[in-house]
Number of protein chains: 2
Amino acid sequence: MTAYKSYPKFFVSVDCIIFGFKDGCLKVLIHQRPYEPGMGELSLIGGFVQKNESVDASAKRILRDFTGLDNVYMQQLAAFGEVERDPGERVISVVYYALINVDNYDTQLAEIHNAKWVDVDDLPALCFDHNDMVQKARHMIGEIIKNEPIGSNLLPRYFTLSLLQTLYESILGTSIDKRNFRRAISEKDYIQATGMIDKESSRRGATLYRFKK
Amino acid sequence: MTAYKSYPKFFVSVDCIIFGFKDGCLKVLIHQRPYEPGMGELSLIGGFVQKNESVDASAKRILRDFTGLDNVYMQQLAAFGEVERDPGERVISVVYYALINVDNYDTQLAEIHNAKWVDVDDLPALCFDHNDMVQKARHMIGEIIKNEPIGSNLLPRYFTLSLLQTLYESILGTSIDKRNFRRAISEKDYIQATGMIDKESSRRGATLYRFKK
DNA sequence: TCAAAAGTGTTAATAGTACACCCATGA
DNA sequence: TCATGGGTGTACTATTAACACTTTTGA
């Protein structure tokens with residue numbers, strides 16, 4: 001028997017910051033909140049933790065329901081627990097961030113949920129404390145990309161070095177010297193040339209690379 | 001009105017990893033769990049989130065109740081949400097780590113709670129997932145001390161450079177060259193000499209430093 | 001022929017690492 | 001006088017930052 005009876009219980013939600021890379025910018029997937037309070041306001045993708053579901057599993061389920069994607073890079077960011085953060089009822093939210101390839105997700109599902117991509121550096125006002133969540137997650141992936149090849153989750157399977165550099169620049173919010181970038185990335189040994197040439201993005205054509213497994 | 005009615009609610013606990021620096025080692029404050037399940041097992045300092053209390057405030061309260069300390073360096077680590085993590089009932093735990101000066105805390109309170117310091121690198125088996133929590137927090141402060149002067153929270157107001165170095169070594173788990181350490185720390189501009197001399201720790205006497213504000 | 005993106009090395013500055021001896025003191 | 005911890009500088013290595021021109025091609 002437990003001695004917990006006298007303690008209060010809380011709704012626990014999960015909010016997901018789903019990052020994608022599109023048009024040379026880091027984007028976040030948002031939608032219109034479908035229920036009160038804040039119905040119609042812009043919101044992160046979220047949902048409630050279920051009875052026999054771990055919080056991690058809950059995050060995976062919510063991501064799958066909105067994007068059709070499984071096996072996605074997703075990490076916990078933090079719990080948000082201010083008393084009045086949700087104006088309707090007390091809800092403690094555990095926040096995750098995910099990195100997805102925008103070419104892979106299920107656009108039909110996204111349409112059903114009214115989901116859309118917005119530029120992370122030009123975020124509209126989101127409901128509750130969701131803007132804070134995005135800022136914190138944005139900072140976090142900036143730190144992580146310095147040490148880990150998380151770009152593999154955001155890019156198509158084959159990509160040019162210019163595109164990879166643009167990704168780094170948009171995540172880090174800085175411009176990077178092309179030669180230094182190429183040297184640094186080749187020293188890291190994350191990626192390999194495929195021999196294929198991309199003719200879309202330039203007249204001359206650029207070598208297509210891919211991440212090693 | 002909210003649409004949340006149909007969702008389940010959960011107990012939400014807070015667990016605190018309270019780090020201190022004592023006898024040249026990084027320590028964690030633990031105690032014997034005073035209630036079932038796991039009564040008598042070794043446990044982190046914890047408690048339950050209350051109705052009109054933010055999760056952060058809850059962590060502060062719990063820390064104060066066990067140590068008598070307020071205004072302590074404390075950060076959220078993560079939420080732990082596995083379904084079976086607590087064998088009694090479903091409890092989602094939000095974990096914080098705190099750094100305190102072992103000379104300041106209320107030892108009477110600690111005695112009441114059966115609290116004791118254990119070496120972080122020689123942890124006994126703790127209940128539930130508490131060992132995981134400590135490992136994660138230990139790794140976290142290792143990263144943070146590389147960039148932030150968090151040592152100020154663990155040391156007495158005045159300290160020798162040798163003591164500061166021992167602190168860094170015990171947090172980082174490495175030995176550091178004395179000359180390199182002193183140069184690095186003086187370049188960081190965190191600390192200043194007070195002109196006072198400590199005669200306790202050596203015959204010659206060592207300059208006492210303090211952290212700048 | 002020219003606009004647009006691809007590709008390519010060198011140098012300088014900075015940060016980090018390795019390493020050994022003398023000093024002051026109390027017991 | 002000696003054992004103990006305090007205090008100091010230099011040379012080497014690795015990492016990071018700054019910087020500009022040629023190539024290829026389609027329009």
Side-chain angles (χ1 to χ4, degrees), chain A residues 21-25 142-149 151 155-156 158-211, chain B residues 21-25 142-149 151 155-156 158-211:
Chain A
F21 182 62
K22 210 180 163 185
D23 308 325
C25 291
E143 293 302 308
I144 292 174
I145 204 168
K146 290 173 188 165
N147 302 309
E148 289 178 67
L155 291 176
Y158 305 115
F159 53 87
T160 65
L161 289 180
S162 294
L163 188 69
L164 183 64
Q165 181 172 344
T166 307
L167 171 66
Y168 273 73
E169 287 176 334
S170 69
I171 290 181
L172 295 169
T174 58
S175 68
I176 305 174
D177 177 84
K178 186 166 39 158
R179 283 165 294 187
N180 290 341
F181 177 76
R182 285 171 185 232
R183 176 158 21 79
I185 208 78
S186 76
E187 279 169 3
K188 295 264 166 150
D189 207 37
Y190 295 155
I191 61 172
Q192 58 190 183
T194 61
M196 290 184 288
I197 304 291
D198 170 59
K199 302 290 288 180
E200 304 293 307
S201 60
S202 72
R203 297 195 170 135
R204 176 172 171 177
T207 302
L208 284 165
Y209 287 77
R210 63 190 178 88
F211 279 88
Chain B
F21 182 62
K22 211 181 162 185
D23 309 325
C25 290
E143 294 301 308
I144 291 174
I145 204 167
K146 290 174 190 164
N147 302 307
E148 288 177 65
L155 291 176
Y158 306 114
F159 52 87
T160 65
L161 289 180
S162 294
L163 188 67
L164 184 63
Q165 180 174 345
T166 308
L167 172 66
Y168 273 73
E169 288 176 334
S170 69
I171 290 180
L172 295 170
T174 58
S175 67
I176 306 174
D177 176 85
K178 187 168 34 160
R179 285 165 291 188
N180 291 340
F181 176 75
R182 287 171 184 231
R183 176 159 22 81
I185 207 79
S186 76
E187 280 168 3
K188 295 262 167 148
D189 207 37
Y190 295 155
I191 62 172
Q192 57 190 183
T194 61
M196 292 183 289
I197 304 291
D198 170 59
K199 302 290 289 182
E200 305 292 309
S201 61
S202 72
R203 298 196 169 135
R204 175 171 172 177
T207 302
L208 285 164
Y209 286 77
R210 64 188 177 90
F211 278 89

note = Taking C:dT25, D:dT25, C:dC19 as options, the one with an atom nearest any side-chain atom of A:Arg203 is D:dT25
message = Nearest to the A:Ser162 side chain among C:dG26, D:dG26, C:dA5, which nucleotide is it?
response = C:dA5
Using 0.5 Å steps for rounding, measure from the [atom1] atom of [X] to the [atom2] atom of [Y].
X: B:Leu163; Y: B:Tyr158; atom1: CG; atom2: OH; answer: 15.5 Å
X: B:Ser175; Y: B:Gln165; atom1: OG; atom2: CD; answer: 8.5 Å
X: A:Leu164; Y: A:Arg182; atom1: CG; atom2: CZ; answer: 9.5 Å

What is the distance from [atom1] of [X] to [atom2] of [N], rounded to the nearest Å?
X: B:Leu163; N: D:dT4; atom1: CG; atom2: P; value: 20 Å
X: A:Leu208; N: C:dA6; atom1: CG; atom2: C1'; value: 12 Å
X: B:Arg182; N: C:dG16; atom1: CZ; atom2: C1'; value: 18 Å
X: B:Glu200; N: D:dG5; atom1: CD; atom2: P; value: 14 Å
X: B:Tyr209; N: D:dG6; atom1: OH; atom2: P; value: 11 Å
X: B:Asn180; N: D:dT13; atom1: CG; atom2: C1'; value: 13 Å
X: A:Lys199; N: D:dA27; atom1: NZ; atom2: C1'; value: 13 Å
X: B:Phe181; N: C:dA15; atom1: CZ; atom2: P; value: 18 Å

ask   = Which residue lies toward the 5' end of DNA chain D, B:Asp177 or A:Gly205, if each is placed at its nearest nucleotide?
value = B:Asp177
query = Is it true that a side-chain atom of B:Thr194 and a backbone atom of B:Leu208 form a donor plus acceptor pair closer than 3.5 Å?
reply = yes
key: Check: A:Phe159 and A:Asp198 side chains under 4.5 Å, non-hydrogen atoms   = no
query = Any side-chain heavy atom of B:Lys146 sitting closer than 4.5 Å to one from B:Leu172?
reply = yes
task = Just do the side-chain contact (heavy atoms from CB on, under 4.5 Å) check on A:Tyr168 and A:Ile145 with the steps written out, would you?
result = CA-CA 8 Å; A:Tyr168 273 73; A:Ile145 204 168; 3.6 Å; yes
request  = Check whether the side chain of B:Arg183 and the base of D:dT10 form a donor-acceptor pair under 3.5 Å.
outcome  = yes
request  = Please confirm whether any donor atom in the side chain of B:Arg204 sits under 3.5 Å from an acceptor in the base of C:dA24, or the reverse.
outcome  = no
query = Under 4.0 angstrom, heavy atoms only, what part of the nucleic acid is B:Thr160 near: base, sugar-phosphate, or nothing?
reply = nothing
query = Going by heavy atoms closer than 4.0 Å, what residues in residues 185-197 of chain B are next to DNA chain D?
reply = none
message = When you measure from the side-chain N and O atoms of A:Thr207 to the phosphate of C:dG7, is any distance below 4.0 Å, counting only OP1 and OP2?
response = yes
